[in-house]
Amino acid sequence: MNSNVDNFPPTVSQNAATGACQRQVRHQGSLEYAQPDWLAEEVPVALVYNGISHVVMMATPKDLEPFALGFSLSEGIIESPREIYGMDIVPVCNGIEVQIELSSRRFAGLKQRRRAMDGRTGCGVCGVEQLAEIGKPISPLPFTQTFSLSHLENALHALKNVQQAGQLTGATHAAAWIAPDGQLQGGCEDVGRHVALDKLLGLRAGQPWQQGAVLVSSRASYEMVQKSAMCGVEILFAVSAATSLAVDVAQRCNLTLVGFCRPGRATVYTHPQRLRA
């Protein structure tokens, strides 16, 4: 056996536009031969508000401005994009910083939230405080949107169009905004499903996309529902299943949640009155 099987060389090429890079790999049956293959990039991305680091996420390093905006909106840090005065993407030694200039009022609120979290301990969601954090208050959504499930198949076929890295690597999730006629209006991808959704929500905030729904390539957890509802999304389609907590949150905030979205198939969990056959 070749003694250099595990001595893979570093990156041989990179495509920053797609968030993918190449590595030398070996395959079963031909371990003596190395050949290039595409991998999705994954780097630490720190969101820094007014000089204070708030969170570090592992993400594909593209569409980072929409990601920072979408995260800020979906986490309730801001209510409007106008409350962000500036944003810079800064490479650092081990990753990337997104440096965000936040309005004084919103920054004061963010600092208060950080102080409230200081000193909390526990195993996961073990206490009243942690449970309260999970159940963020969300204003009930209005019922202004409708969607015909007959258009869902076209949207599913179009979802791959926003997955440039995914088509190369098979390693990313996608989130897209689809119009009521099933046309895909835009989307984002990332190695993390929550990050892909935040990127889309940030992208949507700068577009006149009001009518329609979100389609994600992943399952629908409660965070996906909560983030969508925080940004006024009334309908969320997921390719995979929904969790029980996601259904509970969707029911409570009036979001229409649909899972197992495949050609000719959909499972409606909540508020079916927005949907047509």
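Numbers here simply count residues along the sequence, with the first being 1.
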For this session: Measure from the side-chain N and O atoms of Q24 to the backbone N and O of Q35, and report whether any donor-acceptor pair falls under 3.5 Å.
Result: yes

Exercise. Does R276 count as lying over the ring of F147, i.e. NZ or CZ under 6.0 Å from the six-ring centre, within 45 degrees of the axis?
Worked result: no

Exercise. Between the side chain of D190 and the main-chain N/O of A59, is any donor-acceptor distance below 3.5 Å?
Worked result: no

Exercise. Does R265 make a cation-pi contact with F260 (under 6.0 Å, within 45 degrees of the axis)?
Worked result: yes

Exercise. Going through the distances and angles, do S53 and L47 end up as a side chain to side chain contact (heavy atoms under 4.5 Å, CB included)?
Worked result: CA-CA 6 Å; S53 181; L47 300 186; over 6 Å; no

Exercise. Any donor-acceptor pair under 3.5 Å linking the side chain of R262 with the backbone of V239?
Worked result: yes

Problem set entry | Under 3.5 Å: donor-acceptor pair, side chain of E189, backbone of T172 | no

Seminar exercise, completed: Separation between CD1 (I178) and CH2 (W209), nearest 0.5 Å, reads 12.0 Å

For this session: Working to the nearest 0.5 Å, report the span between CD of E65 and CE of M87.
Result: 5.5 Å

Problem set entry | Check: K62 main-chain N/O paired with T60 side-chain donor or acceptor under 3.5 Å | no

For this session: Report the C-alpha distance between S221 and R193 in whole Å, list the side-chain angles of each, state the deciding distance to 0.1 Å, and finish with yes or no for side-chain hydrogen bond (donor to acceptor under 3.5 Å, both in side chains).
Result: CA-CA 10 Å; S221 60; R193 55 196 170 88; 3.0 Å; yes

For this session: Ignoring hydrogens and angles, tell me if any N or O in the side chain of S80 forms a donor-acceptor pair with the backbone of E83 under 3.5 Å.
Result: no

Problem set entry | Sole residue of T146, T144, T256 in side-chain hydrogen bond (donor to acceptor under 3.5 Å, both in side chains) with E234 | T144

Problem set entry | Steps toward side chain to side chain contact (heavy atoms under 4.5 Å, CB included) verdict (M58, V191) | CA-CA 8 Å; M58 301 305 296; V191 290; 5.7 Å; no

Exercise. Please walk me through it: do L156 and L215 pass side chain to side chain contact (heavy atoms under 4.5 Å, CB included)?
Worked result: CA-CA 8 Å; L156 289 166; L215 171 63; 4.0 Å; yes

Exercise. When you measure from the centre of the six-membered ring of W177, is the NZ or CZ of R204 under 6.0 Å away and within 45° of the axis?
Worked result: yes

Problem set entry | M230/E75 under side chain to side chain contact (heavy atoms under 4.5 Å, CB included): CA gap, chis, key distance, verdict | CA-CA 7 Å; M230 287 288 289; E75 293 295 320; over 6 Å; no

For this session: Could you tell me if the ring centre of H271 sits under 6.0 Å from that of F143?
Result: yes

